[in-house]
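Below you'll find the structure, written out as structure tokens, and then a few comments.
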Amino acid sequence: GIVQASFILQNETSSGIEYTTTISRTYGIEDLCGNSISEVQTIVVLDNVPPVIACPADIIICNDVAVGSVISDIELASYSDNCTPTNDLIIQYTISGATSLSGIGDASGTFFNYGVSTVQYTVTDESANISSCDFNVVLSTQPTTSDISGSTTPNCYSTDIIYSVTNTLNSKYRWTVPAGSTIISDTTGLNKNSIIVNFGNTSGNITVIETNASGCTGDMKALFVSLQGC
């Protein structure tokens, strides 16, 4: 017999629900007596792969006072799709928390209120596949650390001398002591607003820097210690 085959590729179509490529193949067989039969094979390729996107890292803004601010450069770090051209992807954002807002495209240039706001980006391709990611925009004040309390005139080689500042919940404190002196207490982790010091024979500053729960760092506090009897 004689085998005849034809191949037809239809145009890509979009229904608003799924982006498809339809391929139709017609196969025909005819024998020497003129008898024939044909079959049509239809192949439909569906796009069910969501876009690939990446959000920026969390953004922390530290101000002297509790005020809002316009935040720029917070667009998606990257986005792409296996079928839909980048310019045809639909980008939307929703902001919740201290700031409440939604829109289309880039959220840069938005005024954010003081506090923690979560920005969620959603990217939709032509087949209605969706990807989303989120990050935080944190507007916080710098911590105001109290003066350091403790003896300013201990004797040389004094031991177990306590120095402290007023504790702020969930703050971290970084202490330094004069050369030759040692901090013998635990100063790791949160809420370590006091230290115990064993002194040597060198006078100098005890300092502390506070970082609050939002990651904002305050000004250094210092207390000069004049060792006696050295």
Let me check something: do [X] and [Y] share a hydrophobic cluster, defined by ILVMFWY side-chain heavy atoms less than 4.5 Å apart, either directly or through other members?
X	Y	answer
I95	I59	yes
I90	Y93	no
V119	Y114	no

Considering residues, nucleotides and ligands other than D58, do more than 12 of their heavy atoms fall under 6.0 Å from its CG?
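Counting neighbours around CG of D58, more than 12 heavy atoms of other residues, nucleotides or ligands fall under 6.0 Å, so yes.
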
Taking atom OH of Y79 as the centre, does the number of heavy atoms from other residues, nucleotides or ligands within less than 6.0 Å exceed 12?
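Open.
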
Go through it in stages, so that I can follow the logic: the residues are T110 and L101, the test is side-chain contact (heavy atoms from CB on, under 4.5 Å), and I'd like the CA-CA distance, side-chain angles, deciding distance and then a yes or no.
CA-CA 9 Å; T110 298; L101 192 65; 3.5 Å; yes

Show, in sequence, the C-alpha distance, side-chain angles and deciding distance for Q142 and T217, and conclude whether the side chain to side chain donor-acceptor pair (under 3.5 Å) test is met.
CA-CA 6 Å; Q142 296 173 307; T217 299; over 6 Å; no

Close side-chain approach of [X] and [Y], heavy atoms under 4.5 Å:
X	Y	result
Y173	I209	no
V49	N129	no
W175	I183	yes
C133	L76	yes
T152	L223	yes
P178	S203	no
V123	I130	no

Between [Y] and [X], do the side chains contain a donor N or O and an acceptor N or O under 3.5 Å apart?
X	Y	result
T84	D125	no
S194	S164	no
D134	T118	no
E210	T168	yes
N205	T207	no

Quick one, T153 with S226, criterion side chain to side chain donor-acceptor pair (under 3.5 Å). Give me CA distance, side-chain angles, the key distance, then yes/no.
CA-CA 5 Å; T153 56; S226 178; over 6 Å; no

Can you name the closest pair of heavy atoms from [X] and [Y] and give their distance?
X	Y	value
V208	T145	CG1-CG2, 4.4 Å
T99	F111	CG2-O, 3.7 Å
N48	P50	O-CD, 3.6 Å
L227	C156	CB-SG, 3.9 Å
N193	T166	ND2-C, 4.0 Å
G200	S181	N-OG, 3.5 Å

Distance in Å, [X] [atom1] paired with [Y] [atom2], rounded so as to fall on 0.5 Å steps:
X	Y	atom1	atom2	result
N87	L89	CG	CG	8.5 Å
T176	I195	OG1	CD1	8.0 Å
S131	D81	OG	CG	8.0 Å
I61	S140	CD1	OG	11.0 Å
I162	S149	CD1	OG	9.5 Å
E75	Y121	CD	OH	6.5 Å

Parallel, tilted or perpendicular: which describes the rings of Y163 and F199, with under 30° parallel and over 60° perpendicular?
perpendicular

Under 3.5 Å: donor-acceptor pair, side chain of [X], backbone of [Y]:
X	Y	answer
T122	S132	no
N155	S158	no
N113	A98	yes
T211	K172	no
N136	I60	no

Going by the rule salt bridge (charged side-chain N to carboxylate O under 4.0 Å, His left out), which residues pair with K221 if we only count those two or more places apart in sequence or in a different chain?
D147

Salt bridge (charged side-chain N to carboxylate O under 4.0 Å, His left out) with D160: which residues, sequence neighbours excluded?
none

Does the side-chain contact (heavy atoms from CB on, under 4.5 Å) test come out yes or no for I74 and F112, once each step is laid out?
CA-CA 12 Å; I74 56 172; F112 283 81; 3.8 Å; yes

Begin with the C-alpha distance, continue with both residues' side-chain angles, and end with the deciding distance and a verdict on side chain to side chain donor-acceptor pair (under 3.5 Å) for N201 and Y157.
CA-CA 6 Å; N201 62 358; Y157 303 106; 3.2 Å; yes

Applying side chain to side chain donor-acceptor pair (under 3.5 Å) to S108 and S72, what does each step give before you reach the verdict?
CA-CA 4 Å; S108 296; S72 301; over 6 Å; no

Given L190 and K192, is the side-chain contact (heavy atoms from CB on, under 4.5 Å) satisfied, shown in steps?
CA-CA 6 Å; L190 303 177; K192 302 299 183 180; over 6 Å; no

Please lay out, stage by stage, how L139 and I71 fare under the test side-chain contact (heavy atoms from CB on, under 4.5 Å).
CA-CA 10 Å; L139 272 65; I71 308 299; 4.3 Å; yes

